Amino acid sequence: MFGNEAAFKASIEDVNIIAEGIDFIENGIQKKVYFPCVMLVGDNKALNAMCGFSESFTATRYCRFCYAEKCLCEELTMEVKRLIRDPYQYETDVGINNFSETGIKEYCIFNKIKNFHCYENISVDIMHDITEGIAAYTVGNVLQALIESNVISLDTINNRISSFKYNNIEKSNKPRPLFYSGSELKLKQSSAEQLCLARYLCLMIGDKIPPGNKYWKLYLCLRKIIDVLYCPQLNKGQMFNVRFLVQKHNGLYREFFGKLKPKMHLWVHYSRLLFLIGPLVQFSSMKFERQNKKLKEVVVGTTSNINLPMTIAIRNQLQFCHSFEYVPLSENSITKADLGEPVKNDFIESIFPKNENITKIKRFELRNKIFHDGTVFVAEINDDGPKFGFTSLAGKNHMINHIKNHMINHAKHHMIFPMIFFSRAKFVCPFKKLSAPTLMVMKIKRYC
């Protein structure tokens with residue numbers, strides 16, 4: 001009645017059906033789309049439980065990626081290849097039926113999915129691993145060490161957090177004040193707040209830290225790792241660098257604060273996973289966690305508690321269908337935009353007809369990212385490092401003359417076009433060719 005097989009049997013059958021492909025006709029042409037199951041996404045406990053591994057991280061072998069024992073996991077600073085779990089060894093591990101030796105409690109029911117294996121189709125969740133785990137441990141211990149060594153006071157830290165000028169995106173993620181519970185410094189933050197604190201702590205209190213402080217070096221190492229892991233696009237150099245940054249972080253943490261936490265062992269496998277599945281931020285549970293509030297609202301607004309999960313599922317599917325029916329599916333579509341003042345200058349009028357009203361965009365949402373006029377963003381990352389850009393309006397003559405020849409051929413064919421100012425060059429490129437697009441000017445016809 002209970003267990004993974006009873007809970008997921010029907011779902012696995014459905015996944016196998018759609019994996020064989022769904023036929024449909026488009027413009028008189030019959031086509032077939034396949035939906036293979038690539039990986040399972042969730043937090044560590046959920047993934048371990050679903051795949052038949054240990055649900056307790058105090059077990060002898062809790063890692064679903066390797067055979068390392070707990071005592072070894074507390075010391076490892078890098079991945080050991082000979083300990084990595086081998087798919088060809090899985091049947092033998094199950095047959096041994098020795099949990100303390102293999103870390104396997106039961107056969108993984110999801111291995112019945114076509115072309116899926118729990119040793120190969122692996123994934124991680126950086127939200128639970130980093131923002132709710134490693135970042136909280138590292139930042140908390142580093143700040144406590146700085147306070148105890150009289151480098152900075154708790155009041156100063158809280159004052160800097162409260163008075164820091166957050167950008168429009170991070171205003172809602174402002175960290176809460178830190179406090180002591182007994183002799184331990186507490187960081188009671190949500191995932192988004194913890195990520196905000198880890199990202200901007202160097203700007204908040206960096207001027208108060210003496211050069212070469214050993215604890216601050218640990219934080220800076222964490223900060224570099226977060227920059228890479230939360231980047232939606234990576235090159236091979238960055239992927240390789242994660243391995244050495246994690247090794248450095250774990251080494252410093254173990255030197256200053258003792259044994260490594262279980263999540264600090266899990267991310268020694270991150271560099272290998274980056275090459276297997278790509279940027280890990282794409283598989284974060286953050287987007288799913290956001291649905292919790294909506295689901296709770298359904299529960300609160302329902303008067304009947306009979307078969308409540310079915311009610312939640314139906315409402316969720318109705319909302320999903322509504323999004324397909326009324327929300328544009330194009331990835332280049334702007335979902336929200338706040339208009340500013342009309343734009344009038346010779347350059348804009350030379351591109352668009354004079355009878356068109358051109359309006360500056362103060363704020364817009366694109367691909368689930370919010371941009372404001374003046375927003376700074378990473379436009380490109382290559383072997384030479386990152387190139388930064390910012391949203392702006394083409395209104396200054398000394399910029400116009402430089403970019404006009406590059407832009408004029410594309411502007412008439414795109415209602416929306418971006419302008420990016422890089423640290424090394426200034427140019428405009430078509431919207432479709434821009435890897436990190438932003439909006440500058442929108443051509444709008446006013447009907448009122």
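Just so you know, these numbers come straight off a predicted model, no measurement behind them.
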Please tabulate, one pair per line, all N/O donor-acceptor pairs under 3.5 Å involving side-chain atoms of residues 293-301, not counting sequence neighbours.
none

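- The shortest side-chain heavy-atom distance between Arg243 and Met239 does not fall under the 4.5 Å cut-off.
- Both tests do not hold together for Arg85 against Phe53: distance to the six-membered ring centre under 6.0 Å, angle to the ring axis within 45°.
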Begin with the C-alpha distance, continue with both residues' side-chain angles, and end with the deciding distance and a verdict on side chain to side chain contact (heavy atoms under 4.5 Å, CB included) for Ile134 and Lys261. CA-CA 8 Å; Ile134 299 169; Lys261 304 292 185 180; over 6 Å; no

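- A cation-pi arrangement is absent between Lys174 and Tyr166 under the rule of less than 6.0 angstrom and at most 45 degrees off the ring axis.
- For the residue pair Asn292 and Glu289, a side-chain donor N or O sits within less than 3.5 Å of a side-chain acceptor on the partner.
- Listed by chain and number, the residues in a side chain to side chain donor-acceptor pair (under 3.5 Å) with Glu132 amount to none (sequence neighbours excluded).
- Closest heavy-atom contact between Leu40 and Cys51: CD1-SG, 3.9 Å.
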With a cut-off of 3.5 Å and sequence neighbours excluded, list every side-chain donor-acceptor pair involving residues 67-77.
residue, atom, partner, partner atom, Å
Tyr67, OH, Asp93, OD2, 2.5
Glu69, OE2, Arg61, NH2, 3.2

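- Remark: Glu20 engages Lys114 in a salt bridge, criterion side-chain N to carboxylate O under 4.0 Å.
- Between Val41 and Phe283, the closest heavy-atom pair is CG1-O, 3.2 Å.
- Relative ring orientation between Tyr253 and His249 is described as parallel, the plane-to-plane angle staying below 30° on a 0-90° scale split at 30° and 60°.
- Residues satisfying the side chain to side chain donor-acceptor pair (under 3.5 Å) test with Gln144, not counting sequence neighbours, are Glu148.
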Verdict with reasoning, Leu274 to Gln238, per side chain to side chain contact (heavy atoms under 4.5 Å, CB included): CA-CA 10 Å; Leu274 284 170; Gln238 292 172 295; over 6 Å; no

Please test Val124 against Asp129 for side chain to side chain contact (heavy atoms under 4.5 Å, CB included), starting from the C-alpha separation and ending with a verdict. CA-CA 8 Å; Val124 292; Asp129 285 354; 4.0 Å; yes

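- Among pairs with a residue in residues 82-113, those fulfilling ring pair (Phe, Tyr, Trp, His ring centres under 6.0 Å) read Phe8-Phe110, Tyr90-Tyr107, Tyr90-His117, Tyr90-Tyr119, at least two apart in sequence or across chains.
- Asp125 and Asn44 share no side-chain donor-acceptor pair at under 3.5 Å.
- Comment: Glu184 engages Lys186 in a salt bridge, judged by a side-chain N to carboxylate O separation of less than 4.0 angstrom.
- With sequence neighbours excluded, no residue forms a side chain to side chain donor-acceptor pair (under 3.5 Å) with Gln317.
- Checked by atom type and distance alone, the side chain of Asn141 pairs as donor or acceptor with a backbone atom of Tyr137 at under 3.5 Å.
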